[in-house]
Each structure stands twice: as structure tokens, then as C-alpha cells.
Engineer: 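Structure provided below as C-alpha cells; questions to follow.
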There are 2 protein chains.
Amino acid sequence: MSDLERFPAPHVAVDVAVLTVPPDGPLSVLLVRRSGDQGGMWALPGRFVRERERLSHAVTVTLEEKVGLSPTALREMSPRQLHVFDEPDRDDRGWVMSAAHLLALPFEQLSAALESEPVMLARIDGARAVAPGQRRLPYGQDAIVEFAVEEMRRLYSSTPDPEGLIAESDFTLAQLHDLHTAVLDAAWQIDTFRRHMIPQLVDTGRRSEGGVGRPAALYQRSA
Amino acid sequence: MSDLERFPAPHVAVDVAVLTVPPDGPLSVLLVRRSGDQGGMWALPGRFVRERERLSHAVTVTLEEKVGLSPTALREMSPRQLHVFDEPDRDDRGWVMSAAHLLALPFEQLSAALESEPVMLARIDGARAVAPGQRRLPYGQDAIVEFAVEEMRRLYSSTPDPEGLIAESDFTLAQLHDLHTAVLDAAWQIDTFRRHMIPQLVDTGRRSEGGVGRPAALYQRSA
DNA sequence: GGAATAGTGTCTGTGAGACACTATTAG
DNA sequence: CTAATAGTGTCTCACAGACACTATTCC
């Protein structure tokens, strides 16, 4: 312990790109209004790590505190570490490294927070967040969003909903296709998509009801 | 600056998996003998970051100081950040996060250090480092090596020598094939390999000389 | 010439992409 | 029946893998 004292230590923060797809909407990222610093700008939720805290824990606690998500909903979420942004002057408060994380959450888990908290969803255009009345995110967070979007698209390029954005079970291939189209901002041919994904899904044997046209098979993600 | 003081800060270190392929050898990782701690065990080179220092800078300085590489050789190297290992008890000296990095270096740049310094090359078996007389690396560094080897294999799976392990220019396809075979620990068919790589290379117009058999075309990496 | 290494022609199997076709529902 | 959506048959193209063939050197 002793000789460690000689070394100065940077402050370490986590910043989280929470990505979601609202109903009939494009891929979007969650922003919060920063209170003290940066004069109320929209930014990614984030906070400093606490004593002996793990990064992933800091991420989930941030979402509880700044976004108002319930601890139970977050329990099974596993944020992905993306990259450490270490430009020494990126934060004018001091020497701060930011460990950027990606977390994908179903829209339903965010809808309550969006009404009650100083929180918004910003559409992703290309790989950048578009916040109304604000050209860019503070602290170089545009780079974090870009990193997160690229990782997200890599994940969704060949595996059916790997981050669990739709229901665990009883979704149709069309719904899955819409989701991937929103995430990738590009449409697979529906028949190619079907043939590619079906071997990775489990057919529940059930059918959709109540819609127009032929009922669709309902699938669940394979374990 | 002021309100930052309230937050405790972890010590931040960098650990580097320096990967290379010795002549006719397998993919290998550079280990140094740790002096003070851990009783002289072989471990990855690493060190704490200094005030306002960037992680990549800490990596190159480590290689100067602990491996004796020349600053000029390192100037153009760009270490890749892999992952932050943040288990709070991974280092018994205190709360230390390790930012793991990958750096690929041509064997020639290491051969001098291997003779003069307390430094060795450990063969990669599967995705683990095999150090004689030592079952595992300290501080959970086996996980770092595994991370690095997987990333390295991903990089080398379809692009000709992306990290520049062979000469910039005037290498044959057979030499390139040997390199990829060592990194991947699996052999592409030579004709498939040729057809895949040639469009990504520049033919110098020169031919190899002095060997047995038909002279081979000499290539260089494309800009 | 023979041995050795470099490089190509070509067949086969697999899988994405395209598109037309069939299937099953509501109204 | 028509409209609408779900799902399949099948052709084409690209490309990896395999393997035999040709090409060019040293001895």
C-alpha cells in the first residue's frame, strides 16, 4: 500500500450510452440534463466511481440516480465497457478519465423516466446524437456515442437481438426485422433475414393473433 | 477542480501484452521479471500512469524503461487499448485499475532487449502464455493475454499483417502466409490465402533472389 | 533432366441476394 | 372475392476450399 501513495491518480468516471429503439422510431440515445457544470447541457449520464467500486456497478447506480431506473430492472443488465477516453484536458475540472460504456435497454424500461425526469431521447443520425438546440455533446461525448453506435451495429449485424431489446418470447420475425432495421439504419432483405435468423431462434409453436393478414409464427431467443 | 477532491480515485496502471512472432516460432508474448513485488515472477510489463499522462504514452514509456526499447522505434507504434480490469482486489497493494493494451512488434525490435534485459518471450498456447516454471501470470494477467491474443487473431483473420510485423516492403506471399499461420495458429490454404490477400497488397515488380525454386513476387503493404 | 518453390485454371459446395410464387388470415 | 401480411422455391452470383496443372528457378 505504502509506495502507491507516491503516484498521483486520475479521477475515473463512467459515462454511459444507453441505446434504445422507441416504437416506430430510430435508434436513440438517452441524454440527461447536467445540473451544475456545463450550464444545463444535455449529456450522457455519468458519474465518478466510488471507493473500491467496480465500473459496471458505477454504471448501474448512475442509471438509478440520474435516470430513475429501478434497481431490479438493472440487476440483469450488463453494461459493456467500450473504451477509456483519456485526453488530459477533456474535463476542465481536473484530470478525469472516462470509461465509456454501452447499455441497450428496451424502450418500455425508459418510458417512465422520460416523463418524470430531466431526461430525453436523442435520435442517432449517422453515428451522432441529435439533441435539439445543441450542436454537440460536452466532454467529447460525441465520440463515445459514435463508439457505442458502431459497437451496437456490429452486435446486431448477424445475431438476433443480442442485447434483448424486444420481449424475451413471442415476437414475430417482422418485429425482429424492424428492430434490426432501426439499429443498423439499413434494411436486410426480409427473406434473407428470415433464413439467417430462424436457425438462431426457437419457434414457440404459437401464432400471432388479431392482425391483418396471415398470422405470423412467434419466436423466442434461444438460450 | 474543487468538488473533485471529495471523490476518492483509484490508481490507474497500464499493462501491455507485446505480441511478436520470432523466426520460425509461434506467436509469443513478452514478459519481464517483476522486481519488488510478487517475488520475481514473470509478468507483463506495466506501470502506473503519471500526472496528466495519456495511457498510450504510459505504454511506450514502460517499454522504454522496463524492456529497453528505443524511443525512436516506439514513436510510430500505436498501442491498442483492450479493456480495463477493475476487480477491486486484483492488486494487494491497493485499489488499482489496469488498462490493458496490445502492441504488436517485429521480432527484430525485441531481439536486443531479450539478450540484455531480464526479459523473455513466452509461447502462446491456445490463448495463454506459457512461462517456464510458472503456472500463471500475477494480477490476473492471463486474462489480459487472452484478450490480446483474441484481438490479434481477429485483426489477422482477413487483413494482411495489419500491425506491421514484417518488413514494410519486399516480402513474399509465403512469408506473409507463415506469419498469419503463426498468429492464427491455423493455416489458410496457400492458394486461397494468395487470392484473398493479393488485392490488398501492392506488387513491387521485384522478385526474390537466391532461393531454391522459382523466385517469388515481392509485395508491400498498401497505404 | 529432377527437385523445389511460385503461381493459375477450374470444379464444387455453400450461402447471400433477388424475386416470383404460394399460404393464411380479415373484411 | 380483394387486400394484406407470412413464408417458400429457386435462380444467380460470389467466393472459399480443394486439387491438379503450369511456370521458373537451382543443381
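All values below come from the heavy atoms of this structure, side chains included, with hydrogens, waters and symmetry mates left out. Per chain, numbering begins at 1; letters A, B, ... match sequence-line order.
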Engineer: For residues 140-149 of chain A, which side-chain donor-acceptor pairs fall under 3.5 Å, sequence neighbours excluded?
Structural biologist:
{"from": "A:Gln141", "atom 1": "OE1", "to": "A:Leu44", "atom 2": "N", "distance (Å)": "2.7"}
{"from": "A:Asp142", "atom 1": "OD2", "to": "A:Leu137", "atom 2": "N", "distance (Å)": "3.1"}

Engineer: Sequence neighbours excluded, which residues qualify as side chain to side chain donor-acceptor pair (under 3.5 Å) partners of A:Gln220?
Structural biologist: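 If we apply the side chain to side chain donor-acceptor pair (under 3.5 Å) test to A:Gln220, skipping adjacent residues, the hits are A:Ser169.
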Engineer: With sequence neighbours left out, write down each residue that passes side chain to side chain donor-acceptor pair (under 3.5 Å) with B:Glu65, or none if nothing qualifies.
Structural biologist: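 B:Glu65: side chain to side chain donor-acceptor pair (under 3.5 Å) contacts with B:Arg50.
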Engineer: Over how many whole Å does the gap from B:His177 atom NE2 to D:dA16 atom C1' extend?
Structural biologist: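 Between C1' of D:dA16 and NE2 of B:His177: 14 Å.
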Engineer: Only counting residues at least two apart or in another chain, list the ones meeting side-chain contact (heavy atoms from CB on, under 4.5 Å) with B:Thr159.
Structural biologist: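 Once residues adjacent in sequence are excluded, the partners of B:Thr159 under the side-chain contact (heavy atoms from CB on, under 4.5 Å) criterion are B:Pro162, B:Gln200.
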Engineer: Measure from CH2 on A:Trp188 to C1' on C:dA16 and round the result to the nearest Å.
Structural biologist: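 Checked: the CH2 to C1' distance equals 9 Å.
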Engineer: Can you tell which of D:dT8, C:dA18, C:dA6 lies closest to the side chain of A:Arg194?
Structural biologist: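 In terms of side-chain proximity for A:Arg194, the closest of D:dT8, C:dA18, C:dA6 is D:dT8.
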Engineer: In residues 153-161 of chain A, which ones come under 4.0 Å of DNA chain C, going by heavy atoms?
Structural biologist: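 By residue number: none to list.
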Engineer: Would you jot down, in residue-number order, the residues of residues 195-206 of chain A having a non-hydrogen atom under 4.0 Å from DNA chain C?
Structural biologist: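 Nucleic-acid contacts, sorted: A:Arg195, A:His196.
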Engineer: Heavy atom of residues 162-171 of chain A under 4.0 Å from DNA chain D: which residues?
Structural biologist: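 Hits under 4.0 Å, by residue number: none.
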Engineer: Thinking salt bridges, do A:Asp185 and A:Arg123 make one under a 4.0 Å N-O criterion?
Structural biologist: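 Result for this pair is no, no salt bridge flagged.
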Engineer: Report the residues that fulfil side-chain contact (heavy atoms from CB on, under 4.5 Å) with A:His177, sequence neighbours left out, ordered by chain and then residue number.
Structural biologist: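 Partners of A:His177 by the side-chain contact (heavy atoms from CB on, under 4.5 Å) criterion, ordered by chain and then number, come out as A:Thr181, A:Trp188, A:Ile190, A:Phe193.
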Engineer: Looking only at non-hydrogen atoms, find the nearest pair between A:Met97 and B:Leu55 and report the distance.
Structural biologist: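 Minimum heavy-atom separation between A:Met97 and B:Leu55: CE-CD2, 3.8 Å.
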Engineer: Who passes side chain to side chain donor-acceptor pair (under 3.5 Å) against B:Arg154, sequence neighbours left out?
Structural biologist: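 Side chain to side chain donor-acceptor pair (under 3.5 Å) list for B:Arg154, sorted by chain: B:Glu151.
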Engineer: Could you check how far CD1 of B:Ile190 sits from C1' of C:dT8, rounded to whole Å?
Structural biologist: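 Nearest whole value for this atom pair: 13 Å.
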Engineer: Could you list the residues that satisfy side chain to side chain donor-acceptor pair (under 3.5 Å) with B:Arg54, not counting sequence neighbours?
Structural biologist: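 B:Arg54: side chain to side chain donor-acceptor pair (under 3.5 Å) contacts with A:Asp86.
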Engineer: Calculate the interatomic distance between A:Gln175 atom CD and D:dT5 atom C1'; express it in whole Å.
Structural biologist: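 The distance from CD of A:Gln175 to C1' of D:dT5 comes to 13 Å, rounded to the nearest Å.
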Engineer: When the distance from CD of A:Gln189 to C1' of C:dA18 is rounded to whole Å, what number comes out?
Structural biologist: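 Rounded to whole Å, this separation is 6 Å.
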Engineer: For nucleotides 24-27 of chain C, which of its nitrogen or oxygen atoms have a protein nitrogen or oxygen under 3.5 Å away, and what is each distance?
Structural biologist:
{"from": "C:dT24", "atom 1": "O2", "to": "A:Arg214", "atom 2": "N", "distance (Å)": "3.2"}

Engineer: Quick one: list whatever passes side-chain contact (heavy atoms from CB on, under 4.5 Å) with B:Glu108, sequence neighbours left out.
Structural biologist: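 Partners of B:Glu108 under the side-chain contact (heavy atoms from CB on, under 4.5 Å) test: B:Pro106.
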Engineer: Among A:Val202, A:Ile198, A:Ile166, which residue satisfies the side chain to side chain contact (heavy atoms under 4.5 Å, CB included) criterion with A:Tyr219?
Structural biologist: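 Filter result, single survivor: A:Ile198.
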Engineer: Taking the side chain of A:Arg207 as its heavy atoms from C-beta onward, which of C:dG17, C:dA6, D:dG7 lies nearest to it?
Structural biologist: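 Out of C:dG17, C:dA6, D:dG7, the nucleotide with an atom closest to A:Arg207's side chain is D:dG7.
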Engineer: Does A:Thr62 reach the main-chain N or O of A:Pro45 with its side chain, forming a donor-acceptor pair under 3.5 Å?
Structural biologist: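 Not confirmed, A:Thr62 side chain does not pair with A:Pro45 backbone.
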Engineer: I'd like to know whether CG of B:Asp203 has more than 12 heavy-atom contacts from other residues, nucleotides or ligands below 6.0 angstrom.
Structural biologist: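 It does: B:Asp203 CG has more than 12 such atoms within range.
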